[in-house]
Amino acid sequence: MYKIQTLNKIAACGLDRFPRDSYECASSINDADAILVRSQDMHSMSLPGTVKAVARAGAGTNNIPIPELTEKGIVVFNTPGANANAVKELVMMALLLSSRPAIKANAWANGLAGKGDEIPDLAEKGKSQFVGPELKGKTLGVVGLGAIGAMVANLAIKFGMEVIGYDPFLSVNAAWSLDHNVKHAETLDAVYAKSDYITLHVPQTADTKGMINAASIKNMKNGVRIINIARGGLVNNTDILAALESGKVACLVTDFAAEELLNKENVICLPHLGASTPEAEDNCAVMAVNQLRDFLENGNIVNSVNFPKTVNENPIPAGGTRICIAHKNVPDVISKFSKILGEAKLNISGMINQAKGELAYNVMDVDGVVSEETLRALANIDTVIKVRPIFG
């Protein structure tokens with residue numbers, strides 16, 4: 001029986017994919033095999049030694065202490081692309097709101113309450129204060145052309161915009177998905193210099209934190225409009241407030257509210273609505289559960305942020321054992337595995353080993369049941385992080 005702990009409310013359509021005869025799933029559970037989480041901060045949590053995986057029902061993993069979990073051999077999954085359409089639609093709304101002051105206009109119109117028959121004439125006279133530019137013909141800079149960035153770029157083309165994209169790590173799949181009218185910039189400065197609108201679609205890392213700052217804003221067009229539905233830390237709030245006050249930046253739309261941004265002129269703060277649609281929550285839950293099950297039942301890793309993709313499509317041999325080993329990516333470790341299994345008179349019928357930077361993950365199919373003694377011998381190799389058997 002596998003035990004799954006949920007740290008947030010997870011869509012039922014996802015949880016229903018756990019077979020009831022072999023999975024126990026609850027928010028309060030002891031000795032969990034895996035954890036399902038959405039937004040809860042896990043950095044101060046103490047996890048039991050039974051935890052083998054954490055699955056984030058969403059793309060971002062800032063709420064998960066990945067380095068600490070990696071040291072323990074705990075695989076961290078996310079669900080890239082599952083909420084892409086929801087975020088794409090919010091970005092397009094943000095682009096429109098950054099141009100057309102509809103929120104201010106709505107507040108002003110609501111202020112006409114009580115004017116009765118005068119309202120139509122007052123509305124006509126007052127509408128001139130809420131003029132804003134059209135998107136058609138303007139240039140949009142898309143920083144990051146992953147699942148969401150590519151969808152935003154393609155939709156902006158259909159809105160009649162010129163689109164410049166920048167992504168030094170553009171994947172083949174993402175490139176194929178892009179509209180042929182999307183132009184590729186070689187540098188960020190090229191995007192900044194040409195764009196009337198800039199939208200960010202990159203993770204927050206040491207390299208991207210604060211990438212929108214006084215220096216980068218200086219290279220932008222006067223009156224640029226900036227959309228950040230990706231990560232709050234990408235924008236230096238102090239610098240962008242100064243740029244808004246000077247008029248260098250015409251508008252900021254951010255999905256990351258902060259004290260210093262609230263009730264500021266030409267700043268639209270949203271309460272992290274990026275994936276807040278029932279469809280996105282369903283998609284993320286289903287994807288996270290499917291990945292967890294494939295890992296727990298078959299040892300496969302797909303969409304992990306800390307361990308390499310490793311997929312063994314063969315079934316676990318009947319009466320045999322699949323040994324899943326997280327280890328450091330160093331020479332000669334595979335021969336040590338083989339030696340220990342050979343000394344135990346166990347035949348290796350299949351093996352896959354994949355590496356990701358300093359980490360590696362090995363899946364070995366062995367004829368016969370592997371003893372606790374042999375598993376301990378494998379775990380005692382100094383470069384091994386975690387050993388897990390799955391019995392056929």
Side-chain angles (χ1 to χ4, degrees), residues 39 41 43 56 58-67 70 76 78-81 83-84 87-88 90-91 94-95 98 140-153 156 163-171 174-175 178 182 184-195 197-221 224-244 248-249 251-258 260-261 267 269-270 272-275 303-306 356-357:
S39 58
D41 190 345
H43 286 273
R56 161 81 162 95
T61 54
N62 290 351
N63 59 318
I64 301 172
I66 294 173
T70 301
V76 179
N78 67 345
T79 57
N83 60 11
V87 178
K88 173 204 73 177
L90 189 69
V91 171
L95 284 169
S98 74
L140 171 66
V142 181
V143 181
L145 292 167
I148 297 168
M151 293 174 74
V152 169
V163 179
I164 303 173
Y166 173 79
D167 192 331
F169 307 106
L170 183 64
S171 69
L178 280 172
V182 177
H184 294 269
E186 295 296 327
T187 65
L188 272 174
D189 283 342
V191 174
Y192 296 153
K194 297 176 182 179
S195 299
Y197 302 77
I198 295 171
T199 179
L200 306 176
H201 299 285
V202 295
Q204 182 177 313
T205 65
D207 293 330
T208 62
K209 184 175 175 62
M211 64 185 293
I212 303 300
N213 53 41
S216 59
I217 292 170
K218 184 178 180 180
N219 295 327
M220 298 176 189
K221 282 186 174 183
V224 65
R225 290 168 164 83
I226 297 174
I227 314 299
N228 180 22
I229 312 294
R231 294 288 177 270
L234 300 177
V235 177
N236 182 303
N237 290 343
T238 300
D239 290 354
I240 203 161
L241 285 172
L244 284 158
K248 178 71 175 182
V249 175
C251 184
L252 167 70
V253 183
T254 177
D255 207 17
F256 307 95
E260 62 271 20
L261 296 177
V267 176
C269 280
L270 303 174
H272 204 184
L273 297 180
N303 291 328
S304 170
V305 298
N306 58 344
K356 182 177 184 178

Checklist entry - At what distance, to the nearest 0.5 angstrom, does SG of C269 lie from CG of D255? => result 9.5 Å
Next on the checklist: Please report the interatomic distance CD(Q204) to CZ(R231), rounded to the nearest 0.5 Å.
Outcome noted: 8.0 Å
Item to check | Residue pair N83 / A59: nearest heavy atoms and the distance that separates them | outcome: ND2-N, 4.2 Å
Item to check | Check: A150 main-chain N/O paired with H201 side-chain donor or acceptor under 3.5 Å | outcome: no
Item to check | Check against side-chain contact (heavy atoms from CB on, under 4.5 Å), N228 and I212 | outcome: CA-CA 10 Å; N228 180 22; I212 303 300; over 6 Å; no
Checklist outcome for this item: Shortest non-hydrogen pair, A258 vs N237, comes out as CB-ND2, 3.9 Å
Next on the checklist: side-chain contact (heavy atoms from CB on, under 4.5 Å) for H184 and L178? Distances and angles first, verdict last.
Outcome noted: CA-CA 11 Å; H184 294 269; L178 280 172; 3.6 Å; yes
Checklist entry - How long is the span from the CG atom in D239 to the OG atom in S216, to the nearest 0.5 Å? => result 8.0 Å
Next on the checklist: Which heavy atom of I164 sits nearest to which heavy atom of A185, and what is that distance?
Outcome noted: CG2-CB, 3.6 Å
Checklist entry - About how many Å separate CG of N236 and CE of M211, when rounded to the nearest 0.5 Å? => result 12.5 Å
Checklist entry - Ignoring hydrogens and geometry, is there a side-chain-to-backbone donor-acceptor pair from N213 to G210 under 3.5 Å? => result yes
Next on the checklist: Does any part of the side chain of I240, heavy atoms only, come nearer than 4.5 Å to the side chain of I217, both counted from C-beta?
Outcome noted: yes
Next on the checklist: Can you confirm whether the side chains of D189 and N219 place a donor and an acceptor under 3.5 Å from each other?
Outcome noted: yes
Item to check | Side chain to side chain, E260 and V267, heavy atoms closer than 4.5 Å | outcome: no
Item to check | Whether over 12 other heavy atoms sit under 6.0 Å from E186 CD | outcome: no
Checklist entry - Between the side chains of N306 and T70, does any donor sit under 3.5 Å from an acceptor? => result yes
Checklist entry - Counting only N and O atoms by type, is there a donor-acceptor contact under 3.5 Å from the side chain of N303 to the main-chain atoms of T79? => result no
Item to check | Closest contact, heavy atoms only, S195 versus L140 | outcome: OG-C, 4.1 Å
Next on the checklist: Working note: F256 + H272, criterion ring-ring contact (aromatic ring centres under 6.0 Å, His included); need CA distance, chi angles, decisive distance, verdict.
Outcome noted: CA-CA 6 Å; F256 307 95; H272 204 184; 5.2 Å; yes
Checklist outcome for this item: Nearest heavy-atom approach of I229 to I227 is CG1-CG2, 3.8 Å
Item to check | Partner set under salt bridge (Lys or Arg N to Asp or Glu O under 4.0 Å) for K248, not counting sequence neighbours | outcome: none
Item to check | Partner set under side chain to side chain donor-acceptor pair (under 3.5 Å) for K194, not counting sequence neighbours | outcome: none
Checklist entry - Does a side-chain heavy-atom distance below 4.5 Å link T208 with L200? => result no
Checklist entry - Do N63 and R56 come within less than 4.5 Å of each other through their side chains, counting heavy atoms only? => result yes
Checklist entry - Heavy-atom distance under 4.5 Å between the side chains of T254 and L261, does that happen here? => result yes
Next on the checklist: Ignoring hydrogens, what is the shortest heavy-atom contact between V253 and S98? Give both atom names and the distance.
Outcome noted: CG2-CB, 3.9 Å
